[in-house]
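One structure is given here, and the rest of the page talks about it.
Every number for a ligand or one of its atoms is a count from 1 in the order of the listing.
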Amino acid sequence: MEETPPWMHTEPQPPVDLQVDRPHGARVYDYLLGGKTNYAADREQAEKILESIPSAVASAKENRAFIHRAARHLVREEGIRQFLDIGTGIPTSPNLHEVAQSLDPSARVVYADNDPIVLTHCRALHSSSPEGATACLQADATEPERILASPELHGTLDLQQPVAITLGLLLHWLPDGYDAYGMVRTLLDAVPEGSALVITHVTKDFDERAGRIEEDFKGTGSSVRTRTKEEAERFFDGLEFVDPGLSAPQHWRPGPVRIEAGDRGVLNGTTIPIWAGVALKPAA
Ligand SMILES: C[S@@+](CC[C@H](N)C(=O)[O-])C[C@H]1O[C@@H](n2cnc3c(N)ncnc32)[C@H](O)[C@@H]1O
């Protein structure tokens, strides 16, 4: 009989405080994507965001479509088979491992998020091709060393082989004053050459109104920090951008995106306030 890895939970988990009375990024995003894992406080916050960013629904879908195209590129063209996805969000199929494993069934993915709801869903929907592997880790992005030392990560990924670190719409959530650049650097230092960094980041470069999201979250317990193109590019210092470099997600190697009829109307007259990029770690 196969041995159960020590990091797999076989015992019931202790109850978690889901803090449903205040908005949480993952659930707000789930609402924007049309999901069902959200509460009144999340929906109220999402409606506020829609006032500031009328393209928020289309933006969420374009963001996700970009991450999928990036993953396909990394598996097909760069030969990457391992992913560390931090700020993973409530799973909405297809998830990263489904995209990667559809191209290479041996692909392995570690999902990390600090939201217990995300983790509950991640574990419930835990699935993988028989040849590959996935794991879910509850961890805060501000503790990259803990993520890198976790049994979930070491039970799933081989850090001697290239890893794609995917940070989709995560970095703007990190607390004010926290060294987000240092966090990304710590992660990159732990992976070998040929590894990749995939980032999407909220910006007000395309539309000043997106800056209102920073105000909208004040006093909610979560803060939001938009970044300019130059600030977003700094996360990729020392790496080699995959063409076309940092772009709006819909312009990064465009492909078909499933946008429902109503969403196009939402997109009218506005832009998607996100920078998106993929870069590779060169030889030292
Ligand atoms: C908008 S969702 C993005 C989901 C997915 N990465 C994507 O791009 O489609 C942002 C996620 O980041 C998570 N998050 C926010 N702050 C975090 C932190 N400090 N550490 C880990 N995860 C965090 C939230 O719980 C949420 O699931």
Would you check whether [X] reaches within less than 4.0 Å of ligand 1, judged by its heavy atoms?
X	value
A60	no
I86	no
T142	no
T200	no

So if I count the atoms of ligand 1 from 1 in the order they appear, which ones are less than 4.0 Å from some heavy atom of [X]?
X	value
D115	25 (O)
G89	4 (C), 27 (O)
H24	24 (C), 25 (O)
A26	25 (O), 26 (C), 27 (O)
L174	19 (N)
W173	10 (C), 15 (C), 16 (N)

Looking just at side-chain N and O atoms, do D205 and T228 make a donor-acceptor pair shorter than 3.5 Å? no

For residues T166 and D85, is any side-chain donor paired with an opposing acceptor at under 3.5 Å? yes

What I'd like to find out is whether the side chain of [X] reaches to under 4.5 Å of the side chain of [Y], using heavy atoms alone.
X	Y	result
V99	R72	yes
L169	I274	yes
M183	L171	yes

Counting non-hydrogen protein atoms only, what is the nearest one to [atom]? Give residue, atom name and distance.
atom	result
atom 5 (C) of ligand 1	T88 O, 3.3 Å
atom 2 (S) of ligand 1	Y29 CD2, 3.7 Å
atom 10 (C) of ligand 1	L169 O, 3.4 Å
atom 23 (C) of ligand 1	N114 OD1, 3.2 Å
atom 11 (C) of ligand 1	G87 O, 3.5 Å
atom 8 (O) of ligand 1	N63 ND2, 2.9 Å
atom 27 (O) of ligand 1	D113 OD2, 2.6 Å

Return a yes/no value for [X]: is any of its N or O atoms, backbone included, closer than 3.5 angstrom to an N or O of ligand 1?
X	result
D85	no
G168	yes
A141	yes

In terms of hydrophobic clusters joined by side-chain contacts under 4.5 Å, are [X] and [Y] together?
X	Y	result
L174	L187	yes
I199	V110	yes
L197	L153	yes

Stepwise ring-ring contact (aromatic ring centres under 6.0 Å, His included) test for F236 and W275: CA-CA 12 Å; F236 297 91; W275 285 117; over 10 Å; no

For atom CD of E47, is the number of surrounding heavy atoms from other residues, nucleotides or ligands below 6.0 Å larger than 12? yes

For the atom pair NE2 (H68) and OG (S102), what is the distance rounded to the nearest 0.5 Å? 10.0 Å

Heavy-atom contacts under 4.0 Å between D140 and ligand 1: side chain, backbone, both, or neither? both

Taking the ring of H24 and the ring of Y39, is the distance between their centroids below 6.0 Å? no

Identify whether the distance between the nearest side-chain nitrogen and carboxylate oxygen of E231 and R225 falls below 4.0 Å. yes

